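Here's the structure we're looking at; comments come further down.
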Protein chains: 2
Amino acid sequence: MFMDIKNIMKNKNMRFTVARTELLEILIKESKPVCYEDVKHRINMDKATFYRNIAKFVDEDIVNSFESSDKKSYFEMKVDSHPHFICNYCHSIKCIDNLGSVVLEGYEVESIILKGKCTLCR
Amino acid sequence: MFMDIKNIMKNKNMRFTVARTELLEILIKESKPVCYEDVKHRINMDKATFYRNIAKFVDEDIVNSFESSDKKSYFEMKVDSHPHFICNYCHSIKCIDNLGSVVLEGYEVESIILKGKCTLCR
DNA sequence: ATCTATTGTGCGACTAAGTCGCAATTAAGT
DNA sequence: ACTTAATTGCGACTTAGTCGCACAATAGAT
């Protein structure tokens, strides 16, 4: 596991740092997408460092991101990537896995987001 | 057309105002989702008024909204609603209409967003 | 093990989308 | 026209996210 994380960075020619390890550990452990607010109390790095490292991970195709109706960005490991349902009313995010794959000629689909009214808000 | 707009508001028990008419005219004319920036030079109302009216339209199920990778909110008439592809690289938005309907047990899907890399960015 | 170039980090200031409070204005029924 | 409640403009504010810079840490070369 620790080795996995080290390899992720090595394979991408990224420097191995404490902040990046911490971040990847959380993203891997977490089964749902997280935003900065979700993890800020658990991480030991500045806000700027969080965002810069996330941006780097996104660049390197390690992490996926999307924007929610709460106006915040959410992040998850690309390997765990699956569709999400975002409630426009309570802003909850639900992971969906029983959705057929979507193919779009000429486009490379990285994430699928469904928005609407969740079970509780109906 | 002018009558249609008047009726949209009447049917929702909303007051008929110049700002709302202007906004609905643009949203109806436009075939793609627009953000505040897209229309600010064409409208004759304050930013706050724009957002308050959009919020009202969304509340009244006249307008759909979603957030793009450019961190801005986009709006379109609910009747025109169709899936969108958002490019994570150039932030372009493409309307999709050859996508089967998505049904999700217990959830009310209001919009479908696919994100990834567009034809030009690949 | 130390040295060095390069990359990453913390800090504080900044940006920009969107929101809020309030006083002035306007819609629409009486 | 009169009244009341909803709407508007304005300016101040909020908040997610970014940037510049000085300092610190990494990784390869010596």
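Quantities reported herein were computed from a predicted structural model and do not represent experimental measurements. These numbers come from the heavy atoms of this one structure, side chains and all, not from hydrogens, waters or symmetry mates. Each chain gets a letter, A, B and so on, in the order the sequences are listed, and its residues count up from 1.
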Parallel, tilted or perpendicular: rings of B:Y51 and B:F75 (30°, 60°):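 Plane angle over 60°, so perpendicular.
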A:Y74 and A:F66 aromatic ring geometry - parallel, tilted or perpendicular at 30°/60° bounds: parallel
Find the distance [X]:[atom1] to [N]:[atom2] and express it as a whole number of Å.
X     : N      : atom1 : atom2 : answer
A:R20 : D:dT26 : CZ    : C1'   : 10 Å
B:M9  : C:dA28 : CE    : C1'   : 14 Å
B:F50 : C:dT19 : CZ    : C1'   : 14 Å
A:K12 : D:dA27 : NZ    : C1'   : 20 Å
B:K71 : D:dG17 : NZ    : C1'   : 7 Å
B:K6  : C:dA27 : NZ    : P     : 11 Å
B:F66 : C:dA17 : CZ    : C1'   : 16 Å
A:K56 : C:dG8  : NZ    : C1'   : 10 Å

So, does [X] get its side chain near the phosphate of [N], meaning an N or O under 4.0 Å from OP1 or OP2?
X     : N      : result
B:N53 : D:dT8  : yes
A:Y51 : D:dG17 : yes
B:T49 : D:dT7  : no
B:T17 : D:dT7  : no

5′-ward residue of the pair B:V18/B:Y74 relative to DNA chain C: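 Closest to the 5' end, via its nearest nucleotide, is B:Y74.
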Nearest-nucleotide comparison on DNA chain C, the residue closer to the 5′ end among B:K40 and A:D46: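 Its nearest nucleotide being more 5', the pick is A:D46.
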Between A:N64 and A:S81, a side-chain donor and acceptor under 3.5 Å: yes
Sugar-phosphate only, base, or nothing, as touched by A:M14 at under 4.0 Å among non-hydrogen atoms: nothing
base_contact_polar (C:dT7 base, A:R15 side chain, donor-acceptor, <3.5 Å):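 Counting by modelled atom types and ignoring angles, a donor-acceptor contact under 3.5 Å is found here.
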C:dG18 base / B:R52 side chain donor-acceptor hit below 3.5 Å: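 Donor-acceptor pair under 3.5 Å: no.
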Cation-pi check, A:K94 onto A:F85 ring (under 6.0 Å, within 45° of axis): no
5′-ward residue of the pair B:K47/B:N44 relative to DNA chain D: B:N44
Residue from A:E22, A:E25, A:E30 passing salt bridge (charged side-chain N to carboxylate O under 4.0 Å, His left out) with A:R42: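 Option passing the salt bridge (charged side-chain N to carboxylate O under 4.0 Å, His left out) with A:R42: A:E30.
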Residue B:A48, side-chain atoms from C-beta onward, closest of C:dC20, D:dT8, C:dG18: C:dC20
